[in-house]
Number of protein chains: 2
Amino acid sequence: MDEVALMFKTLSDPSRIRILYLLSQEECSVGHIAEVLKMTQSAVSHQLGYLRTLRLVKVRREGNSMIYSYEDDHVISLMKQAIQHAEHR
Amino acid sequence: MDEVALMFKTLSDPSRIRILYLLSQEECSVGHIAEVLKMTQSAVSHQLGYLRTLRLVKVRREGNSMIYSYEDDHVISLMKQAIQHAEHR
DNA sequence: TAACTATATGAACATATGCTCATATAATTG
DNA sequence: CAATTATATGAGCATATGTTCATATAGTTA
């Protein structure tokens with residue numbers, strides 16, 4: 001159950017959900033995420049580090065930007081289901 | 001997104017997941033949950049209070065026992081999906 | 001190479017969380 | 001009614017969490 005809880009814990013923070021949702025729609029650099037979500041560069045980077053640890057996102061370098069994209073389809077699917085459910089009621 | 005995060009936060013604690021999973025299989029009194037999950041009566045009751053607040057469980061009295069059962073099918077469904085996913089990998 | 005840009009990271013802090021302990025509430029039984 | 005059983009709840013505590021601030025790292029460009 002701890003593993004399941006960990007997956008949900010990842011999705012239990014608004015910032016992380018917003019980051020993952022953004023990444024579910026487009027690849028993003030750290031700065032772009034910070035700008036769109038109106039978060040500090042540092043806060044975004046910390047959260048991305050967390051998501052990276054859990055292998056929920058992957059990175060590649062492009063020039064001196066780091067481009068993030070999601071890596072775990074199942075988590076994205078769970079997230080979208082939850083969003084849909086929250087919208088329809 | 002806060003609403004979605006709240007739903008996931010509920011499922012982000014092992015104790016709550018275990019309680020909900022148990023309730024997904026059978027109605028239970030507080031004492032029974034505590035016994036099965038080897039948790040304190042107080043800890044179980046606190047968590048049930050939390051789950052009740054979010055309308056994820058409902059209660060009825062039976063003698064001097066309180067019988068809990070789950071109330072939100074969608075959350076149960078998300079939980080089971082996550083468990084299945086965790087098992088198969 | 002020096003200056004610049006983008007990102008990462010460590011420390012510190014304020015808040016949130018889940019538990020325990022003690023006690024309150026409520027129904028049942030003798 | 002008193003004692004018992006089952007559950008709820010408030011206070012307090014230890015730990016976890018997410019953010020900010022300052023700074024480090026790494027690639028790019030003049």
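Per chain, numbering begins at 1; letters A, B, ... match sequence-line order.
Of the candidate nucleotides dA26(C), dC19(C), dT9(C), dT9(C) has the atom lying nearest to any side-chain atom of Arg52(A). In the set dT7(C), dC19(C), dT20(D), the nucleotide with an atom closest to the side chain of Ala43(A) is dT20(D). Here dA8(C) is the nucleotide among dG18(D), dA8(C), dT17(C) with the atom lying nearest to any side-chain atom of Val30(A). For Ser15(A), the side-chain atoms get nearest to dT19(D) when compared with the rest of dA8(D), dA8(C), dT19(D). You'll find that the side chain of Ser65(B) is closest to dA6(D), out of dA6(D), dC19(C), dT7(C). Listed nucleotides dT19(D), dT20(C), dA8(D) differ in distance to Ser42(B); the shortest reach to its side chain belongs to dT20(C). Distance from the side chain of Asn64(A) is smallest to dA6(C) among dA6(C), dT20(C), dA8(D).
Stacking between His46(A) and dT9(C) is shown: the ring centroid lies under 5.5 Å from the centre of the six-membered base ring, and the planes differ by under 30°.
As a whole-Å value, the separation of Asp13(B) CG from dT15(D) P is 17 Å. Between Ile19(B) atom CD1 and dG18(C) atom P the separation is 11 Å, expressed in whole Å. Put simply, OH on Tyr50(B) is 19 Å from C1' on dG10(D), counting in whole angstrom units. The CD-C1' distance, from Gln47(A) to dT9(C), rounds to 14 Å in whole Å. Protein atom CZ of Arg61(B) is 14 Å distant from nucleotide atom P of dT25(C), rounded to whole Å. In this structure, Leu48(A) places its CG atom 11 Å from P of dT19(D), rounding to the nearest Å. Atoms CE (Met39(B)) and P (dT7(D)) sit 14 Å apart, rounded to a whole Å. Note: CZ (Phe8(B)) to C1' (dT17(C)) measures 19 Å, nearest angstrom.
Proximity of a side-chain donor or acceptor of Arg18(A) to a complementary backbone N or O of Leu37(A) within less than 3.5 Å is detected. In this structure, Ser29(A) contributes its side chain and His32(A) its backbone to a donor-acceptor pair below 3.5 Å. At distances below 3.5 Å, at least one donor-acceptor pair connects side-chain atoms of His88(B) with backbone N or O atoms of Gln84(B).
Nucleic acid contact for Thr40(A): sugar-phosphate only, since backbone atoms but no base atoms lie under 4.0 Å from a heavy atom of the residue. Among the heavy atoms of the strands lying under 4.0 Å from Gly63(A) are primed sugar atoms or P, OP1, OP2 only; no base atom is included.
Within the model, atoms CG of Leu54(A) and NZ of Lys9(A) stand 11.0 Å from one another, a figure rounded to the nearest 0.5 Å.
Side-chain contact annotation: Arg60(B) with Tyr68(B), donor-acceptor N/O pair under 3.5 Å absent.
At a cut-off of 3.5 angstrom, counting only N and O atoms as typed in the model, there is a donor on one side and an acceptor on the other between the side-chain of Gln41(A) and the base of dA8(C).
Contact annotation: Tyr68(B) reaches the phosphate of dA8(D) (side-chain N/O to OP1 or OP2, under 4.0 Å). Close to dG18(D), at under 4.0 Å from its OP1 or OP2, lies a side-chain N or O of Arg16(A). Lys9(A) has a side-chain polar atom (N or O) that falls below the 4.0 Å cut-off from OP1 or OP2 of dT17(D).
By the salt bridge (charged side-chain N to carboxylate O under 4.0 Å, His left out) test, Glu3(B) pairs with Arg89(A), sequence neighbours left out.
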